[in-house]
Asks: 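Starting off with a structure, shown below.
The analysis underlying the following values was restricted to heavy atoms, covering all of them including side chains, and did not include hydrogens, waters or symmetry mates.
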Amino acid sequence: TFPCREMPFPGVPMGWKPGKMMCLREHRLIFSTSLSLPFQQIQFADDMQEFSKFPTKTGRRSLSRSISQSSTDSYSSAASYTDSSDDEVSPREKQQTNSKGSSNFCVKNIKQAEFGRREIEIAEQDMSALISLRKRAQGEKPLAGAKIVGCTHITAQTAVLIETLCALGAQCRWSACNIYSTQNEVAAALAEAGVAVFAWKGESEDDFWWCIDRCVNVDGWQANMILDDGGDLTHWVYKKYPNVFKKIRGIVEESVTGVHRLYQLSKAGKLCVPAMNVNDSVTKQKFDNLYCCRESILDGLKRTTDVMFGGKQVVVCGYGEVGKGCCAALKALGAIVYVTEIDPICALQACMDGFRVVKLSEVIRQVDVVITCTGNKNVVTREHLDRMKNSCIVCNMGHSNTEIDVTSLRTPELTWERVRSQVDHVIWPDGKRVVLLAEGRLLNLSCSTVPTFVLSITATTQALALIELYNAPEGRYKQDVYLLPKKMDEYVASLHLPSFDAHLTELTDDQAKYLGLNKNGPFKPNYYRWVPLGVSPGSGTVSPPRVSPTGLTVPFPSLTDTDGPYPRRTRPHKATLERLFLKIVFIFGLPFSFFLFFFFLTNKTTRFYIFQCDFKVTFWVSPPLNLGFTSLSDLGRQPGIRFLLSCG
């Protein structure tokens with residue numbers, strides 16, 4: 001109990017004054033009044049939540065629990081506001097129907113649909129470009145007949161994308177790519193709207209794959225398009241349903257992890273469908289990865305730990321676009337930031353941005369926060385975790401949960417203590433605690449929210465890629481991974497400029513001619529990208545927007561307006577024109593050179609003409625050469641040999 005100030009309380013009628021005592025018991029606020037009114041109580045949405053269901057210091061026994069247990073409870077720090085009831089009944093065991101009588105979904109609570117609809121409406125206000133695309137193209141239905149199965153984060157922003165695809169004529173079935181990031185009220189709103197959604201916050205690993213399977217394995221419905229985030233859906237369809245995979249018309253992937261999996265399939269010759277690499281488009285790399293993470297990293301850390309960053313020592317593993325955003329945000333708050341990198345170019349960028357590049361083992365004993373954002377595996381190992389200082393915060397900003405070796409922490413000698421939603425204290429035998437956030441999964445979408453406007457840019461790019469792949473005639477795209485051309489990136493960017501009341505400068509005819517550009521773009525070549533090393537540059541010019549293969553005058557340029565979208569591989573193409581020419585010269589020219597060499601040696605008198613411009617060069621090979629030379633210099637002094645060497 002604690003004294004209550006004499007001030008109005010939200011939701012209480014005017015004239016009502018609180019008494020002198022206010023009790024906080026079991027997450028209920030009970031107010032006693034001096035009036036003759038009955039006791040009124042205000043109850044949090046997570047009234048039934050149990051924060052102390054994990055053992056604290058009662059022995060050092062192992063805590064083996066399923067992944068789903070770590071996220072079934074939520075609080076104000078979580079991304080979802082109404083998913084906090086700790087219902088012990090799994091959604092898989094519930095029988096739920098929406099207002100239309102359909103039960104083709106599986107969500108936490110369909111009754112939360114009204115709250116989710118409000119969240120979606122709020123998100124639409126800051127996703128004007130995607131809404132504009134929806135209004136422009138929904139009359140023509142460019143995705144009519146498309147059956148899209150998706151696996152992404154299910155948030156209010158993603159819901160706007162899903163409903164846009166449905167408005168353009170597609171049928172959608174959706175699951176979550178992260179077991180912690182689903183907003184339950186948004187999933188309920190989608191289910192109420194008729195979208196087959198199979199996701200809820202706090203899924204177990206078994207639930208995760210079950211939801212994906214329910215999206216794919218449907219009687220009388222077969223997917224022909226895939227929208228993936230992380231590659232799990234693509235992997236599942238490829239492994240479990242190869243016949244379905246062969247009939248897919250296109251895959252759109254937006255994460256580093258998923259893109260790597262696609263290139264592995266392509267390299268092995270097992271990718272039998274065209275795929276679009278959205279992750280390496282400029283509108284994804286430079287905006288979603290950089291600006292989104294620059295803001296959401298602080299949001300996630302503040303909500304979960306309430307830590308003050310001024311003077312704290314933080315190490316950020318990886319200085320790609322995500323790492324750059326995290327470092328900039330932390331530095332602005334006064335943190336001392338270290339960077340670990342494997343790429344000398346990114347390391348040099350970090351140095352010139354004012355960060356010290358170190359090895360993780362050099363600073364692991366002294367840092368207060370460890371953030372991973374590499375897309376790799378085992379970046380933070382058990383050895384690193386053992387050497388950390390007490391109360392060190394460990395979190396991940398990469399897509400998958402492989403960067404931190406969380407599995408090594410599930411041992412009998414370590415105790416897990418849940419202190420709040422998505423926050424675990426891992427306690428060592430000597431009493432040291434390490435604060436682990438979201439069990440090593442994606443921090444910002446698991447523990448907070450992300451900026452809506454930035455996600456609008458990515459969602460618009462995904463929608464355009466789906467439209468292009470679905471409407472492309474057979475044979476336009478081979479069984480490979482393709483990048484979006486620069487013209488497409490520029491179009492997506494231009495759709496979002498009106499939100500800032502931005503006005504572009506237009507080139508004059510003389511300026512465009514001087515630079516060798518089209519006045520309408522693109523303004524950079526295809527190889528001018530903010531992408532990892534190893535991108536194969538393409539060439540070619542882009543023509544103005546034209547009629548798509550379906551006859552629809554689309555409000556965006558077709559990918560085939562260039563000399564081709566160029567497949568991006570992990571290393572440059574071997575079959576470039578120059579290398580192909582050198583191969584031909586080597587294969588056919590070398591034997592021909594040996595033929596000429598022996599021809600000159602075996603003929604007494606040979607006249608050889610080389611014509612160049614308006615003159616000719618004539619030389620004679622002296623009668624039978626003396627082959628009894630003793631050194632290469634002797635050989636080089638022979639007239640015929642000297643000529644071959646000079647021309648070779």
Asks: Check the side chains of S296 and D299 for a donor-acceptor pair under 3.5 angstrom, ignoring hydrogens and angles.
Replies: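 No.
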Asks: I need the D489 CG to F287 CZ distance, nearest 0.5 Å.
Replies: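 With rounding to 0.5 Å, CG (D489) is 9.0 Å from CZ (F287).
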Asks: Donor-acceptor pair, distance only, cut-off 3.5 Å: does the side chain of D229 make one with the backbone of T152?
Replies: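 No; judged by distance alone, with no hydrogens or angles, the pair does not exist.
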Asks: Any luck finding a side-chain donor-acceptor pair between D280 and Q285 under 3.5 Å?
Replies: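 Present: a donor and an acceptor within the cut-off.
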Asks: Please list, one pair per line, the donor and acceptor atoms closer than 3.5 Å that link side chains of residues 451-461 to other protein atoms, with sequence neighbours excluded.
Replies:
| residue | atom | partner | partner atom | Å |
| --- | --- | --- | --- | --- |
| T452 | OG1 | Q157 | NE2 | 2.8 |
| S456 | OG | H496 | NE2 | 3.0 |
| T458 | OG1 | D288 | OD2 | 2.8 |
| T460 | OG1 | S456 | O | 2.7 |
| T461 | OG1 | T283 | OG1 | 3.0 |
| T461 | OG1 | I457 | O | 2.9 |

Asks: CD/E192 to CZ/R117 distance, rounded to the nearest 0.5 angstrom?
Replies: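 One finds 9.0 Å between CD of E192 and CZ of R117.
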Asks: Measuring from R261:CZ to D228:CG, what's the distance to the nearest 0.5 Å?
Replies: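 Answer rounded to 0.5 Å: 8.0 Å.
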Asks: Let me see the working for M397 and T372 under side-chain contact (heavy atoms from CB on, under 4.5 Å), right down to the final yes or no.
Replies: CA-CA 6 Å; M397 282 291 287; T372 59; over 6 Å; no
Asks: Could you tell me which residues satisfy salt bridge (charged side-chain N to carboxylate O under 4.0 Å, His left out) with D126, sequence neighbours excluded, listed by chain and number?
Replies: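 In terms of salt bridge (charged side-chain N to carboxylate O under 4.0 Å, His left out), with neighbours along the sequence ignored, D126 is linked to no residue.
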Asks: Cut-off 3.5 Å, side chains only: do W210 and E203 have a donor facing an acceptor?
Replies: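 Absent: no donor and acceptor within the cut-off.
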Asks: Distance check, rounded to the nearest 0.5 Å: C447 atom SG versus R303 atom CZ?
Replies: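 Result: 9.5 Å between the selected atoms.
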Asks: Side chains of D213 and Y241: do they bring a donor and an acceptor to under 3.5 Å?
Replies: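 Result is yes, a qualifying pair exists.
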Asks: Just checking, is any N or O donor in the side chain of T97 or Q95 under 3.5 Å from an acceptor N or O on the other one?
Replies: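 Result is no, nothing qualifies.
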Asks: Find the distance between CD1 (I371) and CD (E403) and round it off to the nearest 0.5 Å.
Replies: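 Atom-to-atom, I371:CD1 and E403:CD are 11.5 Å apart.
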Asks: What do the steps show when you test K141 against L168 for side-chain contact (heavy atoms from CB on, under 4.5 Å), and what is the final call?
Replies: CA-CA 5 Å; K141 302 291 183 185; L168 300 184; 5.7 Å; no
Asks: Side chains of Q183 and E119: any donor to acceptor distance under 3.5 Å?
Replies: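 No - no donor-acceptor pair under 3.5 Å links their side chains.
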Asks: First locate atom CD1 of I393, then atom CG of L443, and finally report the distance between them rounded to the nearest 0.5 Å.
Replies: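 I393 CD1 to L443 CG: 10.0 Å, rounded to 0.5 Å.
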Asks: Can you sort out the partners of W209 under ring-ring contact (aromatic ring centres under 6.0 Å, His included), two or more places apart, ordered by chain and number?
Replies: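 W236.
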Asks: Is the backbone of G230 close enough, under 3.5 Å, to the side chain of E253 for a donor and an acceptor to pair up by distance?
Replies: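 Checking the backbone N and O of G230 against the side chain of E253, a donor-acceptor pair under 3.5 Å is found.
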Asks: Side-chain donor-acceptor pair under 3.5 Å between R134 and T164, yes or no?
Replies: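 Per modelled atom types, R134 and T164 side chains form a pair under 3.5 Å.
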Asks: For I148 and I226: C-alpha separation, side-chain torsions, deciding distance, then whether side-chain contact (heavy atoms from CB on, under 4.5 Å) applies.
Replies: CA-CA 6 Å; I148 303 174; I226 291 178; over 6 Å; no
Asks: Looking at the rings of F198 and F105, which for Trp means the six-membered one, are their centres under 6.0 Å apart?
Replies: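 No - the distance between ring centres of F198 and F105 does not fall below the 6.0 Å cut-off.
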Asks: Please check this pair: side chain of N224 against backbone of K147, looking for a donor-acceptor N/O pair closer than 3.5 Å.
Replies: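 Present.
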